[in-house]
Amino acid sequence: MASLQNSLLDHSILICVSTLLLSIVFGSCASDHTLSSRTVALFTFGDSTVDPGNNNYINTIPENQAHYKPYGQNGFFEHPTGRFSNGRIIVDYIADYAKLPLIPPFLQPSADYTNGVNFASAGAGVLPETNQGLVIDLQTQLKNFEEVQKSLTEKFGEVKAKEVISEAVYFISIGSNDYMGGYLANPKMQEQYDPEQYVGMVIGNLTQAIQVLYGKGGRKFAFLRLCPLGCLPAFRALNHKASGGGCFEAASALALAHNNALKTVLTSLEYMLKQFKYSTSNFYDWLQDRIDNPYKHGYKDGVNACCGTGPYGGIFTCGGTKEVKDYQLCENADDYVWWDSFHPTERIHEQLAKALWNGAPSSVGPYNLEELFSVDEEKLTIGYMVDDPEAQDHFSLLK
């Protein structure tokens with residue numbers, strides 16, 4: 001009987017100790033209200049497709065800024081923010097679906113980096129030569145990320161900062177400007193490189209950027225591939241006399257070549273890099289379908305810009321801040337695929353965000369964004385206890 005009582009007593013003590021241990025370790029996690037263990041941060045790199053207003057804070061040309069009306073006119077924001085849209089952009093919706101607040105621009109004074117930060121800059125390219133001196137190029141965006149890493153480490157300590165970095169999703173949308181301004185509008189570059197060589201150079205530099213982020217702890221990536229660039233209202237306007245307003249095929253061909261090369265690179269990186277996960281979709285065909293068949297998707301116009309002037313609204317004058325001041329504005333931007341000469345409407349951003357968030361495997365993969373933002377509970381519990389010195393101290397106290 002005494003033996004049985006001792007056994008029961010030992011078992012009771014073990015349960016009490018285990019309960020105390022769990023309450024100490026997980027209570028410690030839960031008590032940190034500034035960094036929930038369930039938080040998955042969002043870091044964004046790119047160009048005007050995802051710039052939330054970083055270019056408001058740099059010296060650049062009016063074409064690279066959008067902090068004036070009618071940008072942001074639909075009322076979601078109190079005033080124009082610098083987003084090249086009539087409202088929100090894709091990463092705003094992704095943050096909402098991930099239950100995050102709006103992610104701030106890196107250059108916004110006193111920005112809180114806890115839930116992520118957006119480094120994107122309108123006009124930026126993968127190559128530093130693209131719009132050099134007028135934008136925050138991708139290499140500089142990566143350097144800015146290093147500053148955020150240091151800030152998170154100072155704020156939360158090395159262990160928790162590393163957790164944020166490794167669990168975060170890295171959204172990358174860049175490349176259009178390399179082909180539009182960096183190549184097609186640059187005769188010298190065309191003399192030096194044929195299209196295939198140039199695409200290879202862009203993809204090579206983009207691959208290096210991905211590897212840099214991986215080396216700093218990033219494991220989950222999302223990529224917005226290029227749209228049919230030749231079908232932008234701006235290119236239709238340029239092509240108006242030559243083809244009666246059809247898409248400029250040379251630009252679209254570069255976008256397709258870029259997308260195909262990126263697809264190959266991502267497949268290789270998934271094989272080569274441990275724990276590398278990514279999400280991408282066929283944005284090219286997705287948007288082309290809405291351009292060609294607007295009524296099928298609830299639009300009335302897939303060709304003309306809501307805001308601009310000239311053929312197809314393709315002369316980039318929206319807002320009247322550029323050399324040509326005149327512009328026309330449509331009555332209802334939701335009827336249009338294109339907001340201005342280069343950028344889609346908020347409605348396109350929202351539909352695309354939904355497709356990337358929980359689209360079928362046939363349209364987005366190998367992971368969708370909802371899967372990338374899901375928290376690896378086992379890693380955050382067992383892994384936290386093993387790696388966190390504070391958690392190890394709790395263990396030693398109970399030995």
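Fair warning: this is a prediction, and the values are worked out from it, not measured in the lab.
Side-chain contact between Tyr312 and Asn304 is present, with heavy atoms from C-beta onward closer than 4.5 Å. Considering only heavy atoms from C-beta on, Leu229 stays 4.5 Å or farther from Leu184 through its side chain. Here the side chains of Met180 and Leu232 are in contact, with some heavy-atom distance below 4.5 Å. Counting heavy atoms from C-beta outward, Val40 and Lys220 have side chains that approach closer than 4.5 Å. No side-chain heavy atom of Thr39 sits less than 4.5 Å from a side-chain heavy atom of Val164. In this structure the side chain of Tyr179 reaches within 4.5 angstrom of the side chain of Tyr198, judged on heavy atoms. Annotation: side chain of His258 is in contact with side chain of Ile203 (closest heavy-atom distance under 4.5 Å). Counting heavy atoms from C-beta on, the side chains of Phe171 and Leu356 come closer than 4.5 Å.
Put simply, the side chain of Asn115 never gets that close to the backbone of Pro101: no donor and acceptor are under 3.5 Å apart. Between the side chain of Ser363 and the backbone N or O of Asn282 there is no donor-acceptor pair closer than 3.5 Å. Using modelled atom types, one side-chain atom of Glu371 and one backbone atom of Asn368 make a donor-acceptor pair closer than 3.5 Å. Between the side chain of Thr309 and the backbone N or O of Tyr327, no donor-acceptor pair lies under 3.5 Å. At distances below 3.5 Å, not a single donor-acceptor pair connects side-chain atoms of Asn293 with backbone N or O atoms of Lys296. In this structure, the side chain of Thr153 engages the main chain of Gln149 through a donor-acceptor pair within 3.5 Å. Of the possible donor and acceptor atoms, none in the side chain of Trp338 sits under 3.5 Å from a partner among the backbone N and O of Cys306. In this structure a side-chain-to-backbone donor-acceptor pair under 3.5 Å is missing from Gln288 to Pro228. The main-chain N or O of Gly82 is never found under 3.5 Å from a side-chain atom of His67 such that the two would form a donor-acceptor pair. In terms of modelled atom types and a separation under 3.5 Å, the side chain of Asp178 and the main chain of Val126 share a donor-acceptor contact.
Taking both residues in full, the closest heavy atoms of Ile58 and Val135 are given as CD1-CA, 4.0 Å, listed atom of the first, atom of the second, then distance. Closest approach of Val364 to Ala355, counting heavy atoms only: CG1-O, 3.7 Å. Across every non-hydrogen atom of Ser252 and Cys231, the tightest pair is OG-N, 4.1 Å. The two residues Asp340 and Cys318 make their nearest non-hydrogen contact at CB-CB, 4.1 Å. The shortest heavy-atom contact between Gln351 and His297 is NE2-O, 3.7 Å.
Cys pair Cys307 and Cys330 fails the test of SG atoms under 2.5 Å apart.
Crowding of Lys322 atom NZ: a count of heavy atoms from other residues, nucleotides or ligands under 6.0 Å exceeding 12. Under a cut-off of 6.0 angstrom, the local environment of CD in Gln328 is crowded, with over 12 non-hydrogen atoms contributed by other residues, nucleotides or ligands. Applying the 6.0 Å contact sphere to CD of Glu129 captures more than 12 heavy atoms from other residues, nucleotides or ligands. Other residues, nucleotides and ligands contribute more than 12 heavy atoms inside 6.0 Å of the CD atom of Gln197. Within 6.0 Å of the CG atom in Asn332, the count of heavy atoms belonging to other residues, nucleotides or ligands exceeds 12. A 6.0 Å sphere centred on NZ of Lys325 holds more than 12 heavy atoms belonging to other residues, nucleotides or ligands.
A donor-acceptor contact closer than 3.5 angstrom is absent between the side chains of His349 and Ser85. With no hydrogens or angles considered, a side-chain donor-acceptor pair links Thr140 and Asp137 at under 3.5 Å. A side-chain donor from one of Thr321 and Tyr68 sits under 3.5 Å from a side-chain acceptor of the other. Of the N and O atoms on the side chains of Ser121 and Asn55, at least one donor lies less than 3.5 Å from an acceptor on the other residue.
Here the CZ-CZ distance, from Phe119 to Phe145, works out to 6.0 Å after rounding to the nearest 0.5 Å. Here the CG atom belonging to Leu134 is positioned 10.5 Å from the CD atom belonging to Gln65, to the nearest 0.5 angstrom. For the atom pair Leu206 CG and Leu138 CG, the distance stands at 7.0 Å (nearest 0.5 Å).
In this structure, Lys150 does not pair ionically with Glu154, as no charged nitrogen and carboxylate oxygen lie closer than 4.0 Å.
The hydrophobic cluster analysis finds Tyr336 isolated: no Ile, Leu, Val, Met, Phe, Trp or Tyr side chain comes under 4.5 Å of it, directly or through other members.
In this pair, Tyr71 and Trp339 present their aromatic rings perpendicular. The plane angle is above 60°, beyond the 30 to 60° band.
Every residue two or more places apart in sequence or in another chain was checked for a disulfide bond (SG atoms under 2.5 Å apart) with Cys227, and none qualifies.
The same ILVMFWY cluster, assembled from side-chain heavy atoms under 4.5 Å apart, contains both Leu127 and Tyr193.
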ask   = Step by step, would you call Asn86 with Thr345 a side-chain hydrogen bond (donor to acceptor under 3.5 Å, both in side chains)?
value = CA-CA 6 Å; Asn86 57 309; Thr345 56; 5.1 Å; no
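Under a cutoff of 6.0 Å and an axis angle of 45°, Arg219 and Phe276 do not form a cation-pi pair.
None of Tyr97, Trp357, Tyr367, Tyr170 except one satisfies the ring pair (Phe, Tyr, Trp, His ring centres under 6.0 Å) rule with Phe373; the exception is Trp357.
Taking the six-membered ring for Trp and the full ring otherwise, Phe84 and Phe342 have centroids separated by 6.0 Å or more.
Residue pairs satisfying the salt bridge (Lys or Arg N to Asp or Glu O under 4.0 Å) criterion with at least one member in residues 84-112, sequence neighbours excluded, are listed as follows: Arg83-Asp92, Arg88-Glu346, Asp112-Lys155.
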